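A short worksheet on the structure shown next.
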There are 2 protein chains.
Amino acid sequence: MARFKGQAEYSVDSKGRTAIPAKMRLALSPDAGGTFTLTKGFEPCIYVYPLDQWKIKEDEYGRLNTNNRDARHLVRMILMWAEEVSLDGQGRISLPKALSDYAGIGDKVLIIGAMDRIELWNPERFADYLQDHTDDQETLAEKVMGS
Amino acid sequence: MARFKGQAEYSVDSKGRTAIPAKMRLALSPDAGGTFTLTKGFEPCIYVYPLDQWKIKEDEYGRLNTNNRDARHLVRMILMWAEEVSLDGQGRISLPKALSDYAGIGDKVLIIGAMDRIELWNPERFADYLQDHTDDQETLAEKVMGS
DNA sequence: GGAAGACTCCCCACTTTTCCCCACACAAAC
DNA sequence: GTTTGTGTGGGGAAAAGTGGGGAGTCTTCC
(Lines give C-alpha, C1' and ligand atoms only; values in the text may rest on other atoms or scores of the structure.)
Protein backbone atom coordinates (compact mmCIF):
# COMPACT_ATOMS: atom_id res chain seq x y z
CA MET A 1 0.00 0.00 0.00
CA ALA A 2 1.22 3.42 -0.91
CA ARG A 3 2.21 5.56 2.05
CA PHE A 4 1.97 9.21 1.25
CA LYS A 5 3.36 11.78 3.61
CA GLY A 6 4.72 15.30 3.67
CA GLN A 7 3.38 18.62 2.48
CA ALA A 8 4.18 21.03 -0.31
CA GLU A 9 2.75 24.21 -1.75
CA TYR A 10 2.68 24.09 -5.55
CA SER A 11 1.22 26.29 -8.19
CA VAL A 12 -1.65 25.55 -10.53
CA ASP A 13 -0.97 26.81 -14.03
CA SER A 14 -3.35 28.60 -16.36
CA LYS A 15 -4.46 25.26 -17.78
CA GLY A 16 -5.52 23.93 -14.40
CA ARG A 17 -2.60 21.56 -14.03
CA THR A 18 -0.58 20.87 -10.91
CA ALA A 19 2.45 18.68 -10.34
CA ILE A 20 2.42 15.76 -7.93
CA PRO A 21 5.54 15.99 -5.74
CA ALA A 22 8.28 13.64 -6.87
CA LYS A 23 8.45 11.99 -3.45
CA MET A 24 4.82 11.04 -3.66
CA ARG A 25 5.18 9.81 -7.22
CA LEU A 26 7.95 7.53 -6.02
CA ALA A 27 5.68 6.16 -3.29
CA LEU A 28 3.17 5.02 -5.90
CA SER A 29 2.70 1.33 -6.40
CA PRO A 30 3.43 0.18 -9.97
CA ASP A 31 -0.14 -1.16 -10.12
CA ALA A 32 -1.44 2.40 -10.07
CA GLY A 33 0.33 3.08 -13.36
CA GLY A 34 0.33 6.83 -12.92
CA THR A 35 -3.43 6.99 -12.79
CA PHE A 36 -5.48 8.52 -9.99
CA THR A 37 -9.10 8.88 -9.07
CA LEU A 38 -9.96 12.30 -7.77
CA THR A 39 -13.00 12.81 -5.64
CA LYS A 40 -14.63 15.20 -3.26
CA GLY A 41 -13.12 15.19 0.20
CA PHE A 42 -15.19 14.95 3.35
CA GLU A 43 -13.28 18.07 4.28
CA PRO A 44 -13.26 20.98 1.79
CA CYS A 45 -10.48 19.54 -0.33
CA ILE A 46 -9.87 17.08 -3.14
CA TYR A 47 -8.97 13.48 -2.33
CA VAL A 48 -6.53 11.90 -4.74
CA TYR A 49 -6.40 8.10 -4.71
CA PRO A 50 -3.95 6.08 -6.78
CA LEU A 51 -5.85 3.64 -8.96
CA ASP A 52 -5.02 0.59 -6.83
CA GLN A 53 -6.22 2.27 -3.65
CA TRP A 54 -9.36 3.51 -5.30
CA LYS A 55 -10.26 -0.01 -6.39
CA ILE A 56 -10.30 -1.00 -2.74
CA LYS A 57 -12.60 1.89 -1.88
CA GLU A 58 -14.84 1.11 -4.79
CA ASP A 59 -15.16 -2.48 -3.66
CA GLU A 60 -16.19 -1.28 -0.21
CA TYR A 61 -18.93 0.85 -1.68
CA GLY A 62 -19.96 -1.98 -3.97
CA ARG A 63 -20.58 -4.22 -0.97
CA LEU A 64 -23.00 -1.81 0.65
CA ASN A 65 -26.62 -2.85 0.76
CA THR A 66 -28.42 -1.05 -2.03
CA ASN A 67 -31.74 -1.61 -0.30
CA ASN A 68 -30.65 0.87 2.30
CA ARG A 69 -31.61 4.44 1.47
CA ASP A 70 -28.57 5.99 3.18
CA ALA A 71 -26.20 3.61 1.48
CA ARG A 72 -27.65 4.44 -1.92
CA HIS A 73 -27.31 8.13 -1.21
CA LEU A 74 -23.74 7.81 0.02
CA VAL A 75 -22.64 5.87 -3.05
CA ARG A 76 -24.33 8.37 -5.34
CA MET A 77 -22.71 11.34 -3.62
CA ILE A 78 -19.25 9.84 -3.75
CA LEU A 79 -19.27 8.46 -7.25
CA MET A 80 -20.79 11.50 -8.90
CA TRP A 81 -17.68 13.46 -7.98
CA ALA A 82 -15.16 10.82 -8.92
CA GLU A 83 -12.99 11.46 -11.94
CA GLU A 84 -10.03 9.54 -13.32
CA VAL A 85 -6.87 11.43 -14.35
CA SER A 86 -3.36 10.44 -15.37
CA LEU A 87 0.07 11.95 -14.97
CA ASP A 88 1.44 13.72 -18.03
CA GLY A 89 5.07 13.52 -19.12
CA GLN A 90 6.06 16.10 -16.52
CA GLY A 91 4.39 14.38 -13.57
CA ARG A 92 1.34 16.64 -13.50
CA ILE A 93 -2.38 16.02 -13.38
CA SER A 94 -5.11 18.38 -14.47
CA LEU A 95 -7.79 19.22 -11.96
CA PRO A 96 -11.42 18.78 -13.04
CA LYS A 97 -13.20 22.10 -12.78
CA ALA A 98 -16.04 20.84 -10.61
CA LEU A 99 -13.61 19.60 -7.99
CA SER A 100 -11.33 22.61 -7.89
CA ASP A 101 -14.41 24.79 -7.57
CA TYR A 102 -15.61 22.71 -4.66
CA ALA A 103 -12.23 22.94 -2.94
CA GLY A 104 -11.85 26.61 -3.84
CA ILE A 105 -8.50 26.00 -5.45
CA GLY A 106 -7.07 28.89 -7.44
CA ASP A 107 -3.48 29.28 -8.57
CA LYS A 108 -1.90 27.80 -5.45
CA VAL A 109 -2.50 24.39 -3.96
CA LEU A 110 -1.35 22.78 -0.75
CA ILE A 111 -0.57 19.12 -1.31
CA ILE A 112 -0.69 16.85 1.72
CA GLY A 113 0.23 13.19 1.95
CA ALA A 114 -2.32 11.34 4.09
CA MET A 115 -1.44 7.65 4.04
CA ASP A 116 -3.42 5.98 1.24
CA ARG A 117 -4.45 9.22 -0.42
CA ILE A 118 -3.17 12.67 -1.29
CA GLU A 119 -5.19 15.74 -0.41
CA LEU A 120 -5.32 18.99 -2.35
CA TRP A 121 -6.26 22.10 -0.40
CA ASN A 122 -6.64 25.77 -0.98
CA PRO A 123 -3.79 26.95 1.31
CA GLU A 124 -5.96 29.58 3.01
CA ARG A 125 -8.80 27.17 3.60
CA PHE A 126 -6.39 24.77 5.17
CA ALA A 127 -5.21 27.46 7.57
CA ASP A 128 -8.86 28.04 8.50
CA TYR A 129 -9.35 24.33 8.95
CA LEU A 130 -6.42 24.21 11.34
CA GLN A 131 -7.87 27.08 13.36
CA ASP A 132 -11.12 25.19 13.74
CA HIS A 133 -9.36 22.00 14.84
CA THR A 134 -6.96 23.01 17.50
CA ASP A 135 -7.48 19.85 19.56
CA ASP A 136 -4.29 18.90 21.19
CA GLN A 137 -2.64 16.11 19.27
CA GLU A 138 -1.81 14.10 22.33
CA THR A 139 -5.43 14.06 23.48
CA LEU A 140 -6.62 13.14 20.02
CA ALA A 141 -4.13 10.31 19.72
CA GLU A 142 -5.34 8.92 23.00
CA LYS A 143 -8.96 9.15 21.90
CA VAL A 144 -8.43 7.53 18.51
CA MET A 145 -5.77 4.98 19.23
CA GLY A 146 -6.93 4.30 22.75
CA SER A 147 -4.92 2.20 25.14
CA MET B 1 15.92 -1.32 18.71
CA ALA B 2 18.30 1.54 18.37
CA ARG B 3 19.22 3.30 21.61
CA PHE B 4 20.33 6.84 21.05
CA LYS B 5 21.94 8.86 23.80
CA GLY B 6 24.16 11.88 24.30
CA GLN B 7 24.00 15.43 23.06
CA ALA B 8 25.94 17.63 20.65
CA GLU B 9 25.70 21.11 19.21
CA TYR B 10 26.31 21.11 15.46
CA SER B 11 26.02 23.68 12.74
CA VAL B 12 23.52 23.78 9.91
CA ASP B 13 25.14 24.85 6.65
CA SER B 14 23.78 27.23 4.05
CA LYS B 15 22.08 24.33 2.27
CA GLY B 16 20.15 23.33 5.36
CA ARG B 17 22.20 20.24 6.09
CA THR B 18 23.36 18.98 9.45
CA ALA B 19 25.53 16.03 10.39
CA ILE B 20 24.27 13.20 12.57
CA PRO B 21 26.88 12.51 15.27
CA ALA B 22 29.02 9.51 14.46
CA LYS B 23 28.10 7.83 17.75
CA MET B 24 24.45 7.92 16.86
CA ARG B 25 25.10 6.69 13.35
CA LEU B 26 26.85 3.70 14.83
CA ALA B 27 23.81 2.97 17.01
CA LEU B 28 21.61 2.62 13.92
CA SER B 29 20.20 -0.75 13.09
CA PRO B 30 21.25 -2.01 9.65
CA ASP B 31 17.53 -2.26 8.75
CA ALA B 32 17.31 1.51 8.82
CA GLY B 33 19.77 1.70 5.96
CA GLY B 34 20.83 5.24 6.71
CA THR B 35 17.30 6.50 6.19
CA PHE B 36 15.26 8.49 8.70
CA THR B 37 11.79 9.90 8.95
CA LEU B 38 11.68 13.37 10.38
CA THR B 39 8.53 14.66 11.96
CA LYS B 40 7.14 17.38 14.16
CA GLY B 41 7.80 16.88 17.84
CA PHE B 42 5.20 17.31 20.56
CA GLU B 43 7.72 19.77 21.93
CA PRO B 44 9.00 22.53 19.62
CA CYS B 45 11.66 20.38 18.00
CA ILE B 46 12.12 17.84 15.22
CA TYR B 47 11.84 14.12 15.94
CA VAL B 48 14.16 11.93 13.92
CA TYR B 49 13.18 8.27 13.68
CA PRO B 50 15.30 5.64 11.97
CA LEU B 51 13.31 4.01 9.20
CA ASP B 52 12.73 0.75 11.06
CA GLN B 53 11.28 2.55 14.08
CA TRP B 54 9.08 4.74 11.96
CA LYS B 55 7.59 1.80 10.06
CA ILE B 56 6.15 0.52 13.32
CA LYS B 57 4.42 3.83 13.98
CA GLU B 58 3.22 4.15 10.42
CA ASP B 59 1.62 0.71 10.51
CA GLU B 60 -0.43 1.80 13.50
CA TYR B 61 -1.73 4.82 11.64
CA GLY B 62 -2.45 2.71 8.59
CA ARG B 63 -4.82 0.54 10.58
CA LEU B 64 -7.04 3.43 11.62
CA ASN B 65 -10.49 3.71 10.09
CA THR B 66 -10.52 6.57 7.63
CA ASN B 67 -14.29 6.87 7.92
CA ASN B 68 -13.77 8.29 11.39
CA ARG B 69 -13.40 12.05 11.44
CA ASP B 70 -10.95 12.20 14.33
CA ALA B 71 -8.81 9.47 12.86
CA ARG B 72 -8.56 11.30 9.56
CA HIS B 73 -7.58 14.46 11.36
CA LEU B 74 -4.92 12.73 13.40
CA VAL B 75 -3.38 11.00 10.41
CA ARG B 76 -3.37 14.27 8.50
CA MET B 77 -1.74 16.18 11.34
CA ILE B 78 0.98 13.62 11.80
CA LEU B 79 1.78 12.60 8.25
CA MET B 80 1.76 16.06 6.78
CA TRP B 81 4.85 16.81 8.84
CA ALA B 82 6.61 13.55 8.13
CA GLU B 83 9.42 13.51 5.62
CA GLU B 84 11.90 10.83 4.69
CA VAL B 85 15.57 11.76 4.39
CA SER B 86 18.77 9.80 3.91
CA LEU B 87 22.34 10.28 5.02
CA ASP B 88 24.66 11.61 2.35
CA GLY B 89 28.22 10.43 1.87
CA GLN B 90 29.37 12.62 4.75
CA GLY B 91 26.80 11.38 7.26
CA ARG B 92 24.53 14.41 6.97
CA ILE B 93 20.82 14.87 6.42
CA SER B 94 19.09 17.90 5.02
CA LEU B 95 16.30 19.44 7.06
CA PRO B 96 13.00 20.10 5.31
CA LYS B 97 12.13 23.76 5.47
CA ALA B 98 8.69 23.29 7.00
CA LEU B 99 10.18 21.41 9.94
CA SER B 100 13.14 23.66 10.63
CA ASP B 101 10.73 26.61 10.55
CA TYR B 102 8.50 24.89 13.07
CA ALA B 103 11.41 24.14 15.37
CA GLY B 104 12.95 27.57 14.80
CA ILE B 105 16.25 26.05 13.77
CA GLY B 106 18.74 28.45 12.21
CA ASP B 107 22.44 27.82 11.74
CA LYS B 108 22.96 25.91 14.98
CA VAL B 109 21.21 22.79 16.16
CA LEU B 110 21.24 20.86 19.40
CA ILE B 111 21.12 17.14 18.78
CA ILE B 112 19.82 14.96 21.59
CA GLY B 113 19.67 11.18 21.72
CA ALA B 114 16.31 10.12 23.15
CA MET B 115 16.06 6.35 23.11
CA ASP B 116 14.32 5.26 19.90
CA ARG B 117 14.58 8.69 18.31
CA ILE B 118 16.89 11.67 17.97
CA GLU B 119 15.66 15.18 18.68
CA LEU B 120 16.78 18.36 16.95
CA TRP B 121 16.37 21.61 18.88
CA ASN B 122 17.13 25.24 18.45
CA PRO B 123 19.71 25.54 21.27
CA GLU B 124 18.08 28.66 22.73
CA ARG B 125 14.63 27.15 22.65
CA PHE B 126 15.92 24.15 24.49
CA ALA B 127 17.31 26.40 27.21
CA ASP B 128 13.87 28.02 27.49
CA TYR B 129 12.28 24.62 27.64
CA LEU B 130 14.54 23.67 30.54
CA GLN B 131 13.60 26.84 32.40
CA ASP B 132 9.93 25.99 32.05
CA HIS B 133 10.43 22.44 33.30
CA THR B 134 12.44 22.76 36.44
CA ASP B 135 10.96 19.79 38.31
CA ASP B 136 13.84 17.97 39.77
CA GLN B 137 14.61 14.61 38.27
CA GLU B 138 14.14 12.66 41.45
CA THR B 139 10.57 13.86 41.93
CA LEU B 140 9.80 13.25 38.29
CA ALA B 141 11.17 9.72 38.39
CA GLU B 142 9.00 8.95 41.35
CA LYS B 143 5.93 10.38 39.66
CA VAL B 144 6.46 8.48 36.45
CA MET B 145 8.08 5.27 37.59
CA GLY B 146 6.99 5.33 41.22
CA SER B 147 4.85 2.26 41.66
C1' DG C 1 -22.22 21.30 -43.59
C1' DG C 2 -18.52 24.23 -42.28
C1' DA C 3 -15.95 27.59 -39.54
C1' DA C 4 -14.70 29.54 -34.91
C1' DG C 5 -13.72 28.69 -30.45
C1' DA C 6 -12.78 25.84 -26.37
C1' DC C 7 -10.52 21.87 -24.50
C1' DT C 8 -7.34 18.13 -24.07
C1' DC C 9 -3.03 15.98 -24.79
C1' DC C 10 1.67 15.64 -25.83
C1' DC C 11 5.82 17.86 -26.43
C1' DC C 12 9.75 21.24 -25.72
C1' DA C 13 12.20 24.81 -22.98
C1' DC C 14 13.61 27.47 -18.99
C1' DT C 15 14.62 28.08 -13.99
C1' DT C 16 15.34 26.52 -9.54
C1' DT C 17 16.33 23.11 -6.31
C1' DT C 18 18.32 18.88 -4.88
C1' DC C 19 21.71 15.54 -4.57
C1' DC C 20 26.28 13.56 -5.22
C1' DC C 21 30.94 14.09 -4.96
C1' DC C 22 35.45 16.30 -3.89
C1' DA C 23 38.18 19.03 -0.67
C1' DC C 24 39.79 21.01 3.61
C1' DA C 25 40.39 21.76 8.74
C1' DC C 26 40.66 20.00 13.08
C1' DA C 27 41.09 16.31 16.54
C1' DA C 28 42.21 11.95 18.25
C1' DA C 29 44.93 7.80 17.85
C1' DC C 30 48.93 5.28 16.90
C1' DG D 1 54.64 13.22 13.12
C1' DT D 2 51.78 10.75 10.38
C1' DT D 3 47.41 8.55 9.79
C1' DT D 4 42.53 7.98 10.43
C1' DG D 5 38.08 9.69 11.30
C1' DT D 6 34.76 13.44 11.93
C1' DG D 7 32.60 17.83 11.08
C1' DT D 8 32.15 21.69 7.58
C1' DG D 9 32.00 23.97 3.08
C1' DG D 10 31.14 24.28 -1.76
C1' DG D 11 30.99 23.09 -7.09
C1' DG D 12 28.62 20.83 -10.67
C1' DA D 13 25.55 17.44 -12.67
C1' DA D 14 20.96 15.84 -12.55
C1' DA D 15 16.24 16.13 -11.39
C1' DA D 16 12.11 18.66 -10.24
C1' DG D 17 8.82 22.37 -10.91
C1' DT D 18 6.83 25.75 -14.12
C1' DG D 19 5.29 27.84 -18.41
C1' DG D 20 3.82 27.65 -22.98
C1' DG D 21 3.32 26.09 -28.10
C1' DG D 22 0.81 23.29 -31.35
C1' DA D 23 -1.84 19.21 -33.17
C1' DG D 24 -6.09 16.83 -32.71
C1' DT D 25 -10.93 16.51 -31.05
C1' DC D 26 -15.31 18.16 -29.73
C1' DT D 27 -18.85 21.68 -29.28
C1' DT D 28 -21.33 25.51 -30.79
C1' DC D 29 -23.08 28.80 -33.71
C1' DC D 30 -23.85 30.56 -38.15
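No experiment lies behind these values; they were computed from the predicted model shown.
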What is the distance, to the nearest angstrom, from the [atom1] atom on [X] to the [atom2] atom on [N]?
X: B:Lys108; N: D:dT8; atom1: NZ; atom2: P; value: 6 Å
X: A:Asp88; N: C:dC11; atom1: CG; atom2: C1'; value: 10 Å
X: B:Asp107; N: D:dG7; atom1: CG; atom2: P; value: 18 Å
X: B:Arg92; N: C:dC19; atom1: CZ; atom2: P; value: 12 Å
X: B:Glu83; N: C:dT18; atom1: CD; atom2: C1'; value: 13 Å
X: B:Ile93; N: D:dG7; atom1: CD1; atom2: P; value: 13 Å
X: B:Lys15; N: D:dG7; atom1: NZ; atom2: P; value: 19 Å
X: A:Leu95; N: C:dT8; atom1: CG; atom2: P; value: 11 Å

More than 12 heavy atoms from other groups under 6.0 Å of CZ on B:Arg69 | no
What's the closest nucleotide to the [X] side chain, out of [options]?
X: B:Gln90; options: D:dG11, C:dA23, D:dG19; result: C:dA23
X: A:Arg17; options: C:dC10, D:dT8, C:dC12; result: C:dC10
X: B:Asp13; options: D:dG9, D:dG22, D:dG7; result: D:dG9
X: A:Ala19; options: D:dT18, C:dC9, D:dT6; result: D:dT18

In terms of the angle between their ring planes, are [X] and [Y] parallel, tilted or perpendicular, with boundaries placed at 30° and 60°?
X: B:Trp54; Y: B:Tyr61; result: tilted
X: A:Phe42; Y: A:Tyr47; result: perpendicular
X: B:Trp121; Y: B:Tyr129; result: tilted

At under 4.0 Å, does any side-chain N or O of B:Ser94 touch on OP1 or OP2 of C:dT17?
-> no
